[in-house]
Every structure is written in C-alpha cells, then in structure tokens.
Amino acid sequence: MHNIAILASGSGSNAENIARRFHDKGNARVAIVMSNKTDATVHDRMAALDVDTLTFPNEIWDKEPQLIIDELVRHNIDLIVLAGFLRKIHPAIVRAYRGRMVNIHPSLLPAYGGKGMYGRRVHEAVIASGETRTGATVHYVTDEMDEGEIVMQESIAVLPDDTATTLEARIHDLEFDLYPRAIESILQHLPDKGTPGSTHV
Ligand code: GAR
C-alpha cells in the first residue's frame, strides 16, 4: 500500500478525484491533504470523504520546511501530489522528496508555465495568444517552477468560441483522467514506504 499526500490551496477538484480513484483501487490511498489556506474548499471536499487535512501557514511553508517533512514522515508518505498548490515548495522538501513529488499544470509545458501562470490565468493567456491546442502536463517537482521532467502530457483543441471558463472546464476533465493515470504509473516504479531522500530517478 502506497501513501499519497496531496498539497492543495483551492477548490480541490483534482484532490477529490484522486482520493476517490485510489480509494476504489485499493493499492494506494490519500493519507493526508496539506494546504496553506484554512478556508480552501479542499478541506470540505476531504471532510466528506473522511480524508484528514492539515493547514500550515505560508510562513511555515517558506521558513520551517522540517515541520512539514516531519509530518510527511509521520504519515509514511511515498508520493507527494501537488493539485492546485499555489506556493513554491521549499528546496529542503524538494530535496527530501526528489523523484517522489509531482505537479499538474494546465498547459502544454514548457508553454505557459512559470511565475504568475496558474489556473484561470493560463487559459486566458492561451486564448489571448490564439493557440489552437492546449492541454495538461504532469511533471516532477524541482527547484525551478514548472520545469521538472515531464511524466505525462496530453492535449485538446482550443475551440473558436472557447472562453477561459469553458476551456478551464475541459482542461479539468482532461486532468481528472490524466493525473490518476500518471500517479498510477509512478507508483508502479516506487518501492513501498519511501524514506525521504530515496528516489527512483
Ligand atoms: C488545476 O487546473 C491545476 O492544473 C492548476 O490549478 C487547478 C486547480 O484546480 N494548477 C496550476 O495552475 C499550477 N501552476 P483544483 O483545485 O480544482 O484541483
């Protein structure tokens, strides 16, 4: 059994989708959801699924990474899954979980990635640039934002009458299919019960 930690700052629709998928499969489970916001909707979604959540304020994420690592170790976490987590991950956490931490980004990285590019803003930029295709990318987390090795990437068409809202909804549908598949494929290569610092890459 692999233990997953999800990091989320907002709505948490990907977190809910992943928690449901792995609950049904039985070979992995979402052991904890960590956030930087006490009022994020992800807490309500997880309460309904009986998944524990924890909030650390931004100062802890930025200055006390060991407290977060301690919590991850306490939950025996094998894989950290970022799902709309809008805070840069401290290098100490990246180092401890290198090859064991992934993010999903709502574009075809490296396009429309980097600082300031998240959520709805990405879709607005894609439409403003007249792109005909966009997509979603699952990648390993490194110290450089949105630049880690790509695990899986899939594209969809941008329709002529798309708005940021319609595009965001279709990208979410794509993410709900793509992210659990990417996680599943990573888990197949991970030994059980990872210790921080151990990696398969
Ligand atoms: C998702 O579309 C995810 O790709 C994006 O935030 C959304 C979170 O939605 N992440 C980023 O933009 C990261 N740079 P959710 O909270 O409903 O899962």
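Remember, it's 1-based here, ligands and their atoms both numbered in the order they're listed. Remember, it's a predicted structure, so these values are computed and weren't measured experimentally.
Near ligand 1, heavy-atom contacts under 4.0 Å come from Ser11, Gly12, Ser13, Asn14, Gly84, Ile104, His105, Pro106, Met117, Tyr118, Gly119, His172, Glu175.
The shortest distance between side-chain heavy atoms of Asn17 and Tyr179 does not fall below 4.5 Å.
When every heavy atom of Ile89 is checked against every heavy atom of Met101, the shortest pair comes out as CG2-CE, 4.0 Å.
Legend: salt bridge (charged side-chain N to carboxylate O under 4.0 Å, His left out) pairs involving residues 5-17, not counting sequence neighbours, sorted by first then second residue: Glu16-Arg20, Glu16-Arg45.
Ring geometry for Trp61 versus Phe56: interplanar angle over 60°, hence perpendicular rather than tilted (30 to 60°).
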With a cut-off of 3.5 Å and sequence neighbours excluded, list every side-chain donor-acceptor pair involving residues 132-139.
unit_1	atom_1	unit_2	atom_2	d
Arg133	NE	Ser155	OG	3.1
Arg133	NH2	Ser155	OG	3.2
Thr137	OG1	Ser107	O	2.6
Thr137	OG1	Leu109	N	3.1
Thr137	OG1	Gln153	NE2	2.8
His139	NE2	Asn103	ND2	3.1

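In this structure Tyr118 satisfies the ring-ring contact (aromatic ring centres under 6.0 Å, His included) test with no other residue, sequence neighbours excluded.
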